[in-house]
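Just so we're on the same page: letters track the sequence lines, and every chain starts at 1. Because only heavy atoms are used, hydrogens play no part in the values below, and waters and symmetry mates are left out as well, while side chains stay in.
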Amino acid sequence: MPGSRSHLPATGDADALLRLVAACRAPAHLASLRAAHARLLLLLHPSHPSAAPARVKLIQAYAACSALPAAHAVLNSLCSPDRGAAATICFNVLIRALTAASLHRDALRLFASMRPRGSACFPDHYTYPLVLKSCAASKDLQLGLQIHSAVAKLGLDANRYVAHSAISMYARCGCPEDAHRVFDGMQNRDVVSWNAMISGFARVGLFERAVDVFKEFVALPYSIPDAGTIASILPAMGNAKAEDIVLVRKAFNEMQLKELISWNAMLAIYANNGYHVKAVGLFLKMEKDGVEPDSMTVATVLPPCGELSTFSAGKRIHEIIKKKGMLPNLLLENALTDMYASCGSLKDARNVFDSMSARDVISWTSIISAYGKHGHGREAVDLFEKMLGLGLEPDSIAFVAVLAACSHAGLLDVGKRYFDSMTCRYHITPKAEHYTCMVDLLGRAGCIGEAYDFIMTMPIEPNERVWGALLQACRIHSNMDVGLVAADSLFRLVPEQTGYYVLLSNMYARAGRWADVTSVRNAMANKGIKKLPGASIVELGDQVHTFHIGDRCHPQSEMIYQKLDELLGRIRGMGYNPEVDATLHDVEEEDKERHLSVHSEKLAIAFLLINTSPGTPIRVAMNLRTCGDCHLAAKLISTITSREIILKDSNRIHHIVQGGCSCGDYW
DNA sequence: ATAGGGTTAG
């Protein structure tokens with residue numbers, strides 16, 4: 001009978017249409033979605049059992065196609081107040097679509113509109129987690145409290161999903177203790193309960209408590225941390241204890257299913273704590289295990305590549321980024337610019353920067369600091385001016401970059417002007433980094449007195465880097481009087497920081513203050529654990545090699561020392577005399593020289609000379625400032641071997657070609 | 001047919 005066909009719809013057709021609807025996930029599919037929607041209206045009578053699920057699918061599809069008004073329209077077509085449960089689901093789905101699009105205010109508005117609609121449409125245990133999350137995202141504690149008390153009245157607070165979103169809401173609204181109360185009151189906790197609590201403490205800065213909860217969790221007999229656990233603890237691991245990082249790594253290792261986010265979080269923990277070798281190593285392991293990186297992975301691992309100057313790894317990551325079609329992506333392009341600059345390839349950094357379709361202050365800061373680190377202060381200043389010309393507002397870090405560029409290139413007046421404009425014109429309160437740049441700039445330009453006065457008039461307490469910059473300047477300009485003041489301040493301020501040890505003890509030794517020399521030594525012996533050992537790092541193939549002073553543990557040790565002997569012998573004939581002054585006073589003259597000759601930079605250079613073919617540039621990354629002796633030796637070695645040597649130290653990059661360094665020996 | 005925790009650049 002022809003007339004009855006429309007009342008007995010062919011469910012097969014409807015199913016096919018619903019599959020089509022579900023496949024519409026992008027704005028480009030909107031036309032077919034509308035067509036399918038129209039057909040469905042003809043096919044499915046509102047009372048048909050498939051009509052409710054169809055509505056849900058339509059709302060989801062319209063939301064996925066960024067057609068939120070259409071999704072709303074589907075919801076509004078639900079007018080009869082008697083289909084309570086089905087209506088609630090539709091509301092839930094649309095609220096979910098809104099939260100997914102970060103439209104939290106809209107989600108909360110829609111939630112508020114549920115009640116007057118009709119007695120049968122109640123928010124349920126699916127709705128509350130969504131709206132509590134929106135409260136958290138919009139930091140609406142008032143509404144969050146209201147909703148949580150409504151939840152309690154309904155007895156829904158026993159639901160884990162609800163409890164977890166309540167924990168998160170309280171923490172993100174600045175009430176971590178209330179979050180903890182909810183967590184404490186939970187009868188049955190699962191891994192997400194713990195994650196919610198860890199993250200709750202971590203994201204409000206209660207790092208120790210976050211770590212304590214993490215430890216308590218992993219110590220439970222049958223706990224199984226997941227990717228969310230690693231990601232939750234991440235913000236609390238900014239300045240983490242080594243043993244805590246080991247604990248996190250252990251949890252990571254024991255995870256049977258390593259989701260991408262856990263790799264990314266583990267990488268970030270290494271990267272944020274200066275474990276650059278481990279970060280790059282973990283990335284290499286990802287590649288080996290066939291884990292496909294995403295843009296977060298590469299954004300996280302590029303800075304460690306820069307730190308280590310692992311140019312090949314960095315270039316390979318750039319290839320991955322291009323191959324996966326991740327560009328254009330401002331974040332990644334900024335990270336790439338910085339990585340290349342940090343690896344000593346100003347050309348590649350500039351290429352990335354030039355190829356960008358949009359640039360923000362971070363992009364400009366990256367390229368300015370790139371030129372600055374290479375000693376090209378003029379270019380850095382020109383780029384800074386160009387940025388200003390484009391109407392971009394420099395921030396605190398942009399000023400650090402340009403001030404550092406001025407100090408690296410000795411642009412005294414320009415630097416002073418920028419410092420003044422930062423405070424007067426841009427109303428940026430200078431921080432310790434800015435003061436350090438200025439002291440460095442003044443001091444190394446020879447204005448020691450002015451640098452000292454500058455410190456004295458600083459509105460904030462000068463830290464060890466500020467005094468350290470002054471001490472450096474005093475060493476360069478042999479200013480004993482101010483140097484001793486700086487040394488005293490440093491020793492008082494950070495007796496445990498042995499990075500300044502050599503500078504300090506030299507200053508005291510030159511002044512004949514042997515008792516103070518002894519104090520420095522003792523302080524170091526007592527608290528010597530904090531000593532940052534000088535290390536030089538090089539990349540060979542996909543391996544990272546680390547060298548320490550006098551290191552003999554490398555398998556090629558024998559050859560390296562032979563090569564070094566040969567090199568030092570040859571450059572000695574060219575006027576190289578070990579600068580004994582840079583080392584400790586009470587070591588025998590001959591020992592001093594031997595000490596200098598086995599500095600990690602020299603070992604690293606010899607190692608690469610042995611293992612790379614002629615003409616290959618030598619890249620070495622060092623975690624301290626390189627000493628004058630190594631700098632001179634590197635220049636001469638570059639001449640006799642005809643190799644480019646790119647030596648990055650903790651402060652800047654030395655690009656050495658045929659005996660000349662880009663720093664112009666001003667460093 | 002729907003819900004919780006969680007990552008990236010100077």
- prompt: What is the distance, rounded to the nearest whole Å, between atom CZ of A:F252 and atom P of B:dT7?
  reply: 16 Å
task: Identify whether any heavy atom of A:I261 sits under 4.0 Å from a base atom; if not, whether one sits that close to sugar-phosphate; answer base, sugar-phosphate or nothing.
output: base
- request: Looking at every strand, decide which applies to A:I397 at a 4.0 Å heavy-atom threshold: base, sugar-phosphate, or nothing.
  value: base
query: Between A:H318 (NE2) and B:dA9 (C1'), how many Å, whole number?
result: 14 Å
field: Under 4.0 angstrom between A:S369 side-chain N/O and B:dG10 OP1 or OP2
entry: no
task: Measure the distance from CD1 on A:I320 to P on B:dT8 and round it to the nearest whole Å.
output: 19 Å
query: A:W194: what forms a ring-ring contact (aromatic ring centres under 6.0 Å, His included) with it, not counting sequence neighbours?
result: A:F183, A:F217
- prompt: Hey, does A:A265 reach any base, or is it just sugar-phosphate, or nothing, if we go heavy atoms under 4.0 Å?
  reply: nothing
field: Interatomic distance where CG belongs to A:L156 and C1' belongs to B:dG4 [whole Å]
entry: 14 Å
- prompt: Hey, is the side chain of A:R96 poking within less than 4.0 Å of OP1 or OP2 on B:dA3, counting only N and O atoms?
  reply: yes
- request: Compare the minimum distances between each of B:dG6, B:dA1, B:dG10 and the side chain of A:P53, then state the nucleotide with the smallest one.
  value: B:dA1
Value in whole Å for how far the P atom of B:dT2 lies from CG of A:L75: 16 Å
task: Kindly write out the residues that satisfy side chain to side chain donor-acceptor pair (under 3.5 Å) with A:T297, not counting sequence neighbours, or none if the list is empty.
output: A:N264, A:D294
message: Using a heavy-atom cut-off of 4.0 Å across all strands, would you classify A:D294 as base, sugar-phosphate, or nothing?
response: nothing
- prompt: Contact class for A:R203 (heavy atom, under 4.0 Å): base, sugar-phosphate, or nothing?
  reply: sugar-phosphate
task: Indicate the ring-plane relationship of A:Y275 and A:Y270, choosing parallel, tilted or perpendicular according to the 30° and 60° boundaries.
output: tilted
message: Heavy atoms only, 4.0 Å cut-off, all strands: where does A:N159 land among base, sugar-phosphate and nothing?
response: base
- request: For the side chain of A:A398, starting at C-beta, report the closest nucleotide among B:dA3, B:dT8, B:dG10.
  value: B:dG10
message: Please report the distance, rounded to the nearest Å, between NZ in A:K133 and C1' in B:dG6.
response: 10 Å
Just distance, no hydrogens or angles: give the donor-acceptor pairs under 3.5 Å from side chains in residues 324-332 of chain A, sequence neighbours left out.
residue: A:K324; atom: NZ; partner: A:E292; partner atom: OE1; Å: 2.5
residue: A:N329; atom: OD1; partner: A:L331; partner atom: N; Å: 3.0
residue: A:N329; atom: OD1; partner: A:L332; partner atom: N; Å: 3.1

Base B:dG10 to side chain A:T365, donor-acceptor N/O within 3.5 Å cut-off: yes
query: Which residue pairs pass the salt bridge (charged side-chain N to carboxylate O under 4.0 Å, His left out) test when at least one of the two sits in residues 156-171 of chain A, sequence neighbours left out?
result: A:R160-A:D190
query: Checking A:K215 side chain against A:L247 main chain: does a donor-acceptor pair fall under 3.5 Å?
result: no
- prompt: Do any pairs count as a salt bridge (charged side-chain N to carboxylate O under 4.0 Å, His left out) and have a residue in residues 249-258 of chain A, sequence neighbours left out, and if so which ones?
  reply: A:K250-A:E254
Sidechain-backbone polar pair: A:H408 side chain, A:A404 backbone, donor-acceptor under 3.5 Å: yes
message: Taking any heavy-atom pair under 4.0 Å as a contact, classify A:V298: base, sugar-phosphate, or nothing.
response: nothing
- prompt: Got a sec? Which of residues 330-355 of chain A come in under 4.0 Å of DNA chain B, heavy atoms?
  reply: A:L331, A:N334, A:D338
message: Quiz question: going by heavy-atom distance under 3.5 Å, is there a donor-acceptor pair between the base of B:dG10 and the side chain of A:D360?
response: no
- line: From NZ of A:K431 across to C1' of B:dG10 the rounded distance in Å is 13 Å
Distance, rounded to the nearest Å, where A:F111 contributes CZ and B:dA3 contributes P: 16 Å
statement: Looking only at B:dT2, B:dG4, B:dT7, the nucleotide nearest the A:Q60 side chain is B:dT2
